[in-house]
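What follows is a set of notes on a single structure, which appears directly below.
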Protein chains: 2
Amino acid sequence: MLSLSIYKQSWRCQYRIMNQDKKSGYHHGSLKESLILHAFNLLDEAGPDAVTIRAVARRAQVSHAAPANHFHDRTALLTELATRLFQMLDADVRRKLSEAESADRARAYMEALLEFGLRHPNRYLLMWRQDLVDWDDDALSACMDALYDSFVNELANLPRQSGRDPHTLAISLWSMIHGYVTLRLNGVFKDRSDEVSGANRAAAMLDLMLAQ
Amino acid sequence: MLSLSIYKQSWRCQYRIMNQDKKSGYHHGSLKESLILHAFNLLDEAGPDAVTIRAVARRAQVSHAAPANHFHDRTALLTELATRLFQMLDADVRRKLSEAESADRARAYMEALLEFGLRHPNRYLLMWRQDLVDWDDDALSACMDALYDSFVNELANLPRQSGRDPHTLAISLWSMIHGYVTLRLNGVFKDRSDEVSGANRAAAMLDLMLAQ
DNA sequence: CTCTTATGTTGTCACTGTCAATTTACAAGC
DNA sequence: GCTTGTAAATTGACAGTGACAACATAAGAG
């Protein structure tokens, strides 16, 4: 019976790997992750509004009510996506920080935020859609808090900015980058004032704020 | 016959005034304006998502398909709202400008934007919802352009900023205020760092940018 | 008075989120 | 091995949405 149990176990494992995305039988095996995967694809392809419960279920080749077992709400699904996106952003920040020289650590934060937004427009838009995402969710707000707190910390350690309130500086910088990305993704700067390279514009903006 | 025409004209006028919001007979009389009025009410009460064609039609006491005669789309209705909101914002800016001293004219712009956003959260959110509003609409983009251009103009005339690129300065300032308002409306700064008064925080942020 | 057009009406379709009732798979206890 | 319970999927339904089509009526022009 032991061997049987082991066999079952390994079969289950193989089943899960093989059916990462396909259903063979009544149960899916790893539906939750599959739903998230397809939700991200839909998000990237067609924006937050396209990420409907039923569309995601269709892509996972599963009935329209199946996702309810894993996500109570549509909001719950989108909040899960947003939480993971904040984690991805955090990873980007850490990568940039590890490469940055000590003087440019604050800049690395801002650049990570900017690049993330410009590289994945729909993902960035979802992260800040208050009406789609539950900001009271513990996991989500924990990710947000961690990101913000480490940024404030970085700014407080900046030698030249010692006289300034780090919160004011943090909120100013964050607001500026976030505002710029948001306006740009919304097409406001489309053809205005040769808005070719967001990175160049943002660099000039950061110069305005940091270098003095 | 001339007198008849005049009589008809005045009767029509009176009819329109009397039935600003009520229908008496088959035709409404001034449905388009009534729809816009109720759409603004819905927007203020419950946000952009609550402004559905059918909900607006119900409030105007009219059938669900009636609005189609005045707005081809839901997008068309929301674009009309956004256009008017940009005009209101423009009026606010002009009012603030007329009160401002010459040194603080750029600041007046930013304060108008900030106050508009914090005073009318749902209106502000709608104005920047790329997925709900048609940014290629001529009337809308004309309003946007006028607002931005006059702001750049104001910054270019600032004596102390003569060495800087006015576009970079304009985009930086606009992005910062827009980002701050957006993040604040989304509840990001809810209890973080004593975010009590948006005006105070914003004043400190503007000091960071302008006063040096 | 008649004809046209603008502005309403009802009805329908496909889609959505959410719920209820049902069916199946899996695991644990005997 | 068999039963039993629970997790995870199914179908079906409901109300709400935007959009369209077919139709009705009112207003105005000739």
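Everything numeric here is computed off the predicted structure, so don't read it as measured data. Just so we're on the same page: letters track the sequence lines, and every chain starts at 1.
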Show me the donor-acceptor pairs, under 3.5 Å and distance only, between side chains in residues 42-52 of chain B and residues at least two apart or in other chains.
from: B:D44; atom 1: OD1; to: B:R123; atom 2: NE; distance (Å): 2.8
from: B:D44; atom 1: OD2; to: B:R123; atom 2: NE; distance (Å): 3.2
from: B:D44; atom 1: OD2; to: B:R123; atom 2: NH2; distance (Å): 2.7
from: B:E45; atom 1: OE1; to: B:R59; atom 2: NH1; distance (Å): 3.4
from: B:E45; atom 1: OE1; to: B:R59; atom 2: NH2; distance (Å): 2.8
from: B:E45; atom 1: OE2; to: B:R59; atom 2: NH1; distance (Å): 3.2
from: B:T52; atom 1: OG1; to: B:A55; atom 2: N; distance (Å): 3.0

Is B:K32 close enough and on-axis enough to B:F71, meaning under 6.0 Å and within 45°, for cation-pi? yes

Rounding to an integer number of Å, can you tell me how far [X] [atom1] sits from [N] [atom2]?
X	N	atom1	atom2	result
B:E33	C:dT7	CD	P	13 Å
B:L31	D:dA27	CG	C1'	16 Å
B:K32	C:dG8	NZ	C1'	16 Å

Quick one: does A:N69 reach the base of D:dA9 with a side-chain donor-acceptor pair under 3.5 Å?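 Indeed there is one.
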
Which atom names give the shortest non-hydrogen contact between A:V133 and A:T75, and what distance separates them? C-CG2, 4.2 Å

I need the B:D131 CG to A:L125 CG distance, nearest 0.5 Å.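 Result: 8.0 Å between the selected atoms.
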
Kindly assign one of parallel, tilted or perpendicular to the pair B:F86 and B:W135, based on the angle between their ring planes and the thresholds 30° and 60°. perpendicular

Test B:E154 against every option in B:K96, B:R105, B:R94 by the salt bridge (charged side-chain N to carboxylate O under 4.0 Å, His left out) rule and name the one that passes.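 So, applying the salt bridge (charged side-chain N to carboxylate O under 4.0 Å, His left out) to B:E154 and each of B:K96, B:R105, B:R94, only B:R105 qualifies.
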
What does nucleotides 11-20 of chain D look like as a protein-contact string, B for base, S for sugar-phosphate only, - for none, at under 4.0 angstrom between heavy atoms? BBB---BBBB

